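What follows is a single structure, written as structure tokens, with notes after it.
Everything quoted here is computed from the prediction, not taken from an experiment. When reading the values below, keep in mind they use all heavy atoms of this one structure, side chains included, and skip hydrogens, waters and symmetry mates. Positions are given from 1 along the sequence.
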Amino acid sequence: MPVDLSDESQYDRARLHQWARGRARSAGVDRRDVLRLFAAAAAAGPLGLAAAGSAGAAANIGADAAPGIVKPLPPELFTIRGTNAETNFAALHGTGHLTPLDRFFVRNHTVTPRLAPADWRLNVWGDALAGGPVEFSYDLLRSLPAVERTLFIECAGNGRSFYTTQQGQPVTGTAWTLGAIGVARWRGVRLSDVLRRAGVTRRAVDVLPRGLDDEVITNGVNLGRVRRPLPVSKALDDVILAYEMNGEPLPADHGGPVRVVVPDWIGISSIKWVGDIEVSAQPLYTPWNTDLYRLFGPDQPPQGSAPLTRQTLKTAFELQSGATVPVHRTRLLTGRSWSGAAPVHRVEVSTDGGTRWQRARLRDTPRRGSWVRWSLPWTPRTTGPTTLLARATDTTGRTQPATAAHNTQGYLFDAVVRHPVTVV
Ligand SMILES: Nc1nc2c(c(=O)[nH]1)N[C@H]1C(S)=C(S)[C@@H](COP(=O)(O)O)O[C@H]1N2
Ligand SMILES: [Mo]
């Protein structure tokens, strides 16, 4: 029976099957190298060591520098994690629906390249095009019909550190708390318009955008340039090639001059500094859809899960972890909740460690692909430590659980996060 790859669950099953049968060609990377790399990552132990999920030459750089990120990273706004910068959620308090560019998280496998729009070209090629390769300049792209959408980009590993700190489970990769997400207004062109102009045919199965940043070398293994295939159904559906972010030309750190933006899907799908796109009549495999960005571990299918696609459900307070708050004074607790599956329509907050829950007021109209801001007034009556919790429910009916399903690389953490504060 032909597989309908426009159905995400069928796509997942088809991919899992191909993987299990050993049909995976890990595009340019020796499979044994990747396995060796994984053994090394596991031996390096939990969080932040030279793990595959935090690939890059500078994974062990100290906490005061993120070499290769261009924009300023003041400590009030960001926590540096290797080559990456995490948004401090407390720094979003009082900001609008969109994450200001000066505090949008940066996740770099290597370093931010500086690319001039005038020199930039996008090469679309592959055996599922009607003819040869087609090149797009920046000006040509800007002359095509423009679209604008407000969408989050969130790393699949966002919240990863809570597997360890809250569930006592080891994971590898960058030890994000909840700040590996941002929401922006993206302007660009539909990827489908570009693919059609390039002559995409019905033979197309996979679409593989690749970044112009340096090749990724992890533990001596060269994984090549950052790239992850999209099923053609998703590529032709709602994916954008963005050249503006919040009304500004796309900043260098976020993929300027042009990046891919894939609504609802894990951040790695949204390839920055896109330089070429392969349109293939066969399924494609790269380290980013085979060994990385799948779920492995005792609680997962024996061969690992299908490649990850949609993001999960999460909530964060716009408050420092461990903050002190004055007793008998009313303050407005604020935060944000989001889901890759559907709009978030209910948020409940507990100020007593989870005994009593109150419904928060939503400050945004719930919309697909973005977060909702919420608030709840709180007047603490007793001094001492307490735990704040907040949990979201999306319109599929799903509510954040008490524990997240463990996986070795710490992806898709969705459990309610315990937020310690002290009342004084
Ligand atoms: N070319 C390229 N694209 C990339 C990456 C990268 O290192 N190189 N990182 C990916 C990951 S893992 C994430 S989470 C998002 C982060 O986007 P941001 O840095 O704009 O926040 O970009 C993705 N696209
Ligand atoms: Mo990511």
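The pair Arg356-Glu348 fails the salt-bridge criterion, with no side-chain N (NZ, NE, NH1 or NH2) lying under 4.0 Å from an Asp/Glu carboxylate O. Checked for salt-bridge contact, Asp414 and Arg398 meet the test: a charged N lies under 4.0 Å from a carboxylate O. Using a 4.0 Å cut-off between a side-chain N of Lys or Arg and a carboxylate O of Asp or Glu, Arg81 and Glu86 qualify as a salt bridge. A salt bridge does not link Glu278 with Arg210: every distance from a Lys NZ or Arg NE/NH1/NH2 to an Asp or Glu carboxylate oxygen is 4.0 Å or more.
Side chains of Val421 and Leu319 form a contact here, defined as non-hydrogen atoms less than 4.5 Å apart. Between Val424 and Val325 there is no side-chain heavy-atom pair separated by less than 4.5 Å. When side chains are defined from C-beta on, Val239 counts as touching Val260, because their heavy atoms get closer than 4.5 Å. Put simply, the side chain of Arg359 does not reach to within 4.5 Å of the side chain of Val347, judged on heavy atoms.
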In sequence, state the C-alpha distance, the side-chain angles, and the governing distance for Asn108 and Thr83, and then conclude on side chain to side chain donor-acceptor pair (under 3.5 Å). CA-CA 6 Å; Asn108 277 354; Thr83 54; over 6 Å; no

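Here His254 and Trp186 keep their ring centres 6.0 angstrom or further from each other. The aromatic ring centres of Tyr293 and Tyr411 sit less than 6.0 Å apart.
Side chains of Arg329 and Thr379: no donor on one and acceptor on the other come within 3.5 Å. Checked by atom type, the side-chain pair His97/Asp364 shows a donor-acceptor distance below 3.5 Å.
Gly82 and Pro67 make their closest contact through O-CD, 4.3 Å (heavy atoms, listed as atom of the first residue, atom of the second, distance).
Expressed to the nearest 0.5 Å, how far CG of Leu151 lies from CH2 of Trp371 amounts to 12.5 Å. To the nearest 0.5 angstrom, Arg185 atom CZ is 10.0 Å from Ser370 atom OG. Atom CZ of Phe152 sits about 10.0 Å away from atom CG of Asn158, to the nearest 0.5 Å.
Considering only residues two or more places apart in sequence or on other chains, Arg368 meets the salt bridge (charged side-chain N to carboxylate O under 4.0 Å, His left out) condition with Asp264. Residues satisfying the side-chain contact (heavy atoms from CB on, under 4.5 Å) criterion with Pro302, sequence neighbours excluded, are absent altogether. Arg331 is linked by a salt bridge (charged side-chain N to carboxylate O under 4.0 Å, His left out) to nothing, counting only residues two or more places apart in sequence or in another chain.
Shown are Trp374, Trp378, Phe89; of these, the ring pair (Phe, Tyr, Trp, His ring centres under 6.0 Å) with Phe317 is made only by Trp374.
Ring geometry for Tyr243 against Tyr138 counts as perpendicular: the plane angle is over 60°, on a 0 to 90° scale with 30° as the lower cut.
With Trp273 as the aromatic partner, Arg259 does not meet the cation-pi criteria of under 6.0 angstrom to the ring centre and within 45 degrees of the ring axis.
Residue-environment remark: CZ (Arg373) exceeds the threshold of 12 foreign heavy atoms within 6.0 Å.
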